[in-house]
2 protein chains.
Amino acid sequence: MASTSIKEVARQAGVSIGTVSNVLNRPHTVAADTRERVLAAISALGYVRNDSARQLRAGRSRQIAVVVLDVTNPFFTDVVTGVEDAVTENDLMVVVCNSGDSEDRQLRHLDQLEEQRVRGVLITPVEARPGERIERLVERGTPVVLVDRGADWTNGCRVTVDDAMGGRLAGEHLVASGHARIAFVGGPESIPQVAERHTGVAAAVRGKAKLTVVRTPHLTVTDGRRAAAQIAELSDERRPTAVFCANDLLALGVLQEMTARGVRVPHDIALVGYDDITFAAAAAVPLSSVRQPREQLGRTAADLLLQEISEGEAHVHRHVEFQPELVVRESSARG
Amino acid sequence: MASTSIKEVARQAGVSIGTVSNVLNRPHTVAADTRERVLAAISALGYVRNDSARQLRAGRSRQIAVVVLDVTNPFFTDVVTGVEDAVTENDLMVVVCNSGDSEDRQLRHLDQLEEQRVRGVLITPVEARPGERIERLVERGTPVVLVDRGADWTNGCRVTVDDAMGGRLAGEHLVASGHARIAFVGGPESIPQVAERHTGVAAAVRGKAKLTVVRTPHLTVTDGRRAAAQIAELSDERRPTAVFCANDLLALGVLQEMTARGVRVPHDIALVGYDDITFAAAAAVPLSSVRQPREQLGRTAADLLLQEISEGEAHVHRHVEFQPELVVRESSARG
DNA sequence: CCGTTCCGATGAAACGTTTCAAGAGCTATC
DNA sequence: GATAGCTCTTGAAACGTTTCATCGGAACGG
């Protein structure tokens with residue numbers, strides 16, 4: 001309980017505390033028998049290093065932080081997995097913080113993290129672009145890498161996925177499949193990702209098919225069902241023969257509502273989602289979807305951070321953009 | 001970059017460091033104008049408290065850790081959310097560690113956490129019951145609460161969900177719906193949860209219906225499809241009219257395969273899953289499922305830990321068991 | 001036998017807080 | 001005008017490491 005310190009280890013082993021420290025940090029500089037004695041004392045006393053003291057002396061911690069928007073969102077948990085992969089070799093530790101989409105909690109986490117002198121921060125900020133708090137963090141010398149956020153931010157590295165390209169891929173696929181009337185389901189446009197995906201599909205379709213837009217208040221299954229109901233009620237000659245949704249939840253909702261109404265997917269209407277969540281492949285009709293390299297996003301973000309940490313002043317910020325990939329499944333197979 | 005210390009704040013404000021510390025920790029004991037001066041200096045210099053020094057002095061940290069089996073599993077992320085809810089009021093911080101089902105990583109995390117002198121640990125250990133490392137942690141005075149693990153462990157608090165009861169609920173529901181031949185799909189039995197759910201359904205069904213067991217190597221959608229194929233190929237008089245799956249992924253697989261084979265759910269075969277993951281309600285045929293109070297599990301675990309922390313020696317370990325709840329949806333509606 | 005070199009161990013300083021006994025300066029009381 | 005009792009501030013010690021200059025002694029060369 002009363003945690004034993006290096007001092008007691010030293011006494012027990014009959015050496016000075018400097019020697020114990022050497023055993024811990026530079027074992028080769030210590031004579032073999034002394035080392036043995038110290039190690040014996042350590043395990044006899046159940047000594048555990050005190051990281052606070054260590055950090056205090058070192059002036060910095062050995063942790064990097066990932067601040068995610070929402071731990072319950074598979075996108076972010078996959079990113080975290082990628083980060084952990086990249087970091088494990090270095091003797092750094094990853095701490096995961098959840099802002100839960102609350103600016104207040106994000107703030108509290110950043111305060112805490114700065115007090116802990118973390119070596120760096122990977123963050124998808126609640127706001128579309130990093131606010132004053134994050135800028136201050138950077139200014140004071142903590143490297144920050146932005147994940148999937150912050151167009152035209154230049155004070156740090158960024159990793160993003162090309163959402164316009166994702167929209168384009170979906171659009172091109174549907175046009176190539178011969179669809180002349182296509183709907184884009186998604187919203188609100190204030191989410192940059194949604195707007196970009198829209199832009200992308202619009203560009204791909206332009207001049208080749210008619211694009212209808214169905215706005216949704218959010219990106220949920222329920223909103224998808226509502227949008228599908230709207231679409232299903234259009235007259236035959238106006239009803240699109242293909243739907244591209246801004247994410248998979250919407251697409252699942254669309255699928256569900258269409259099935260309930262006897263509209264067959266893909267026979268009567270083709271369907272493409274976005275994100276390729278685990279359940280896309282497992283849906284009643286396996287869902288075509290645009291996949292983002294989530295783990296790689298995390299891995300790369302972590303690599304950039306590690307580079308910035310090791311390069312110090314010499315570091316030049318970089319922006320890495322990933323290309324998404326279209327996964328074609330039954331829901332958009334040529335009927 | 002060179003983080004400013006309390007000392008420079010003191011100099012800038014023309015007071016002693018003790019006074020600065022007082023402004024930070026007991027503002028009311030400091031004269032108003034002095035306080036103002038100090039606060040001005042703090043913001044002018046961009047001073048950020050050094051948590052390591054603080055902790056070193058205090059002898060303990062202000063963090064509690066949650067070590068989860070798998071961050072990408074929605075079960076655990078919901079538990080984490082519950083923990084965060086419970087902890088926010090206290091000025092403790094939650095750090096999330098992911099053992100990724102690897103004993104090695106779990107070990108590394110526990111070592112790190114102990115060096116950091118965390119106040120307590122919430123953990124679902126990789127092993128079925130806490131191993132030597134966890135016992136040592138407890139012995140040395142770090143409170144540990146086990147989440148959904150560790151039958152008959154007495155060295156700390158535990159929270160669990162009554163899996164046998166979950167199985168029983170599903171079984172009773174299906175029997176009450178008039179099914180005479182029921183299948184249990186799941187495996188491996190070495191997972192305590194699977195075995196308990198099996199026991200529960202067996203008890204509920206005994207004497208009222210015939211229970212067939214279809215073993216699966218894992219708990220995935222693919223395994224569910226395979227199991228469904230086996231079931232679909234039985235002769236009409238032997239084929240069960242209802243299936244209870246050990247988790248929702250299996251159930252989704254079963255649903256998919258049945259649909260593909262033209263077997264209608266629930267008309268030809270009823271289906272009940274376990275976990276009530278988000279996508280259970282969003283499946284092509286909304287899935288009946290046994291729901292576990294995931295967030296509450298986390299909240300309660302955190303509460304127990306906080307109690308143990310505050311009660312100290314006087315603390316008596318407790319075991320809280322939650323009852324799951326059956327959510328009936330279309331997949332098991334009376335045909 | 002002396003000077004040099006090398007190996008290993010030592011002791012003290014430093015990191016940035018918090019805490020607490022003690023002191024300084026006032027006011028109120030007698 | 002001395003005493004006591006305030007309020008506010010101070011200075012020093014302590015927390016447990018790491019680091020680094022220093023030192024003792026052995027080995028070695030001349």
Side-chain angles (χ1 to χ4, degrees), chain A residues 1-39 41-42 45-62 91 111-112 114-119 140-141, chain B residues 1-39 41-42 45-62 91 111-112 114-119 140-141:
Chain A
M1 174 117 209
S3 27
T4 47
S5 77
I6 212 178
K7 210 182 298 181
E8 314 190 34
V9 174
R11 184 148 41 83
Q12 169 99 0
V15 298
S16 73
I17 62 173
T19 300
V20 177
S21 179
N22 283 334
V23 170
L24 259 22
N25 301 300
R26 296 180 222 73
H28 57 278
T29 69
V30 171
D33 59 332
T34 317
R35 190 170 49 218
E36 289 313 318
R37 231 167 346 122
V38 171
L39 289 174
I42 284 176
L45 294 170
Y47 165 74
V48 178
R49 241 198 187 117
N50 184 326
D51 205 49
S52 319
R54 234 183 145 191
Q55 279 187 36
L56 172 58
R57 184 68 231 270
R60 49 155 110 159
S61 80
R62 290 171 309 129
D91 74 332
D111 286 347
Q112 257 275 2
E114 201 174 5
E115 292 192 359
Q116 285 178 52
R117 302 290 189 270
V118 284
R119 292 293 279 284
R140 289 192 190 135
Chain B
M1 173 119 209
S3 26
T4 47
S5 77
I6 212 177
K7 212 181 295 179
E8 314 189 33
V9 174
R11 185 147 42 82
Q12 169 99 358
V15 298
S16 74
I17 62 173
T19 300
V20 178
S21 179
N22 282 335
V23 170
L24 258 23
N25 302 300
R26 296 180 222 72
H28 56 278
T29 69
V30 173
D33 57 334
T34 316
R35 190 170 48 219
E36 290 312 318
R37 228 163 353 115
V38 171
L39 289 175
I42 284 176
L45 294 171
Y47 165 74
V48 177
R49 242 198 189 118
N50 183 324
D51 206 48
S52 319
R54 235 182 144 193
Q55 280 188 35
L56 172 58
R57 182 71 233 265
R60 49 156 110 158
S61 81
R62 289 171 311 127
D91 73 332
D111 286 348
Q112 257 276 3
E114 200 172 8
E115 292 192 358
Q116 285 179 51
R117 302 291 190 267
V118 284
R119 294 293 281 282
R140 289 193 190 134

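Just so we're on the same page: letters track the sequence lines, and every chain starts at 1. Below, all heavy atoms of this structure are taken into account, side chains as well, without hydrogens, waters or symmetry copies. Only a predicted model underlies this, so the values are computations on that prediction, with no experimental measurement involved.
- Side chains of B/Glu8 and B/Gln12: a donor-acceptor N/O pair is absent below 3.5 angstrom, by distance only.
- Scored by the side-chain hydrogen bond (donor to acceptor under 3.5 Å, both in side chains) test, B/Ser5 finds no partners at all (sequence neighbours excluded).
- Here the side chains of A/Pro27 and A/Asn22 are not in contact, with every heavy-atom distance at 4.5 Å or above.
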**Sequence-aligned protein contact record of nucleotides 8-17 of chain D, with B where the base is within under 4.0 Å of a protein heavy atom and S where only the sugar-phosphate is** = SSBB--BBBB
Pairs under 3.5 Å (N/O, protein and nucleotides 5-7 of chain C):
none

Protein-nucleotides 5-7 of chain D N/O pairs under 3.5 Å:
none

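- A/Gln55 pairs by the side chain to side chain contact (heavy atoms under 4.5 Å, CB included) definition with A/Asp51, A/Ser61, B/Ser52, not counting sequence neighbours.
- Screening residues 27-39 of chain A for side chain to side chain donor-acceptor pair (under 3.5 Å), with sequence neighbours left out, gives no hits.
- Note that the CG atom of A/Asp111 and the CZ atom of B/Arg49 stand 11.0 Å from one another [nearest 0.5 Å].
- A search for side chain to side chain contact (heavy atoms under 4.5 Å, CB included) contacts involving B/Ile42 returns B/Val9, B/Leu24, B/Val38, B/Leu39, B/Tyr47, not counting sequence neighbours.
- Rounded to 10 degrees, the angle separating the terminal axes of the helix from C/dC1-D/dG30 to C/dC30-D/dG1 is 60°, with each axis obtained from five end pairs.
- Considering CG of A/Asp91 and CD of B/Gln112, their distance stands at 8.0 Å, rounded to 0.5 Å.
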**Asked** Could you walk me through whether A/Asn50 and B/Arg117 pass the side-chain contact (heavy atoms from CB on, under 4.5 Å) check?
**Response** CA-CA 7 Å; A/Asn50 184 326; B/Arg117 302 291 190 267; 3.9 Å; yes
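- Distance CZ/B/Arg54 to CG/A/Leu56: 14.0 Å, rounded to 0.5 Å.
- Under the side chain to side chain contact (heavy atoms under 4.5 Å, CB included) criterion, B/Glu114 pairs with A/Val48, B/Arg133, B/Leu137, B/Arg140, not counting sequence neighbours.
- For the atom pair CZ (B/Arg60) and CZ (B/Arg119), the distance works out to 4.0 Å, reported to the nearest 0.5 Å.
- In this structure, B/Arg26 does not reach the C/dT18 phosphate: none of its side-chain N or O atoms is under 4.0 Å from OP1 or OP2.
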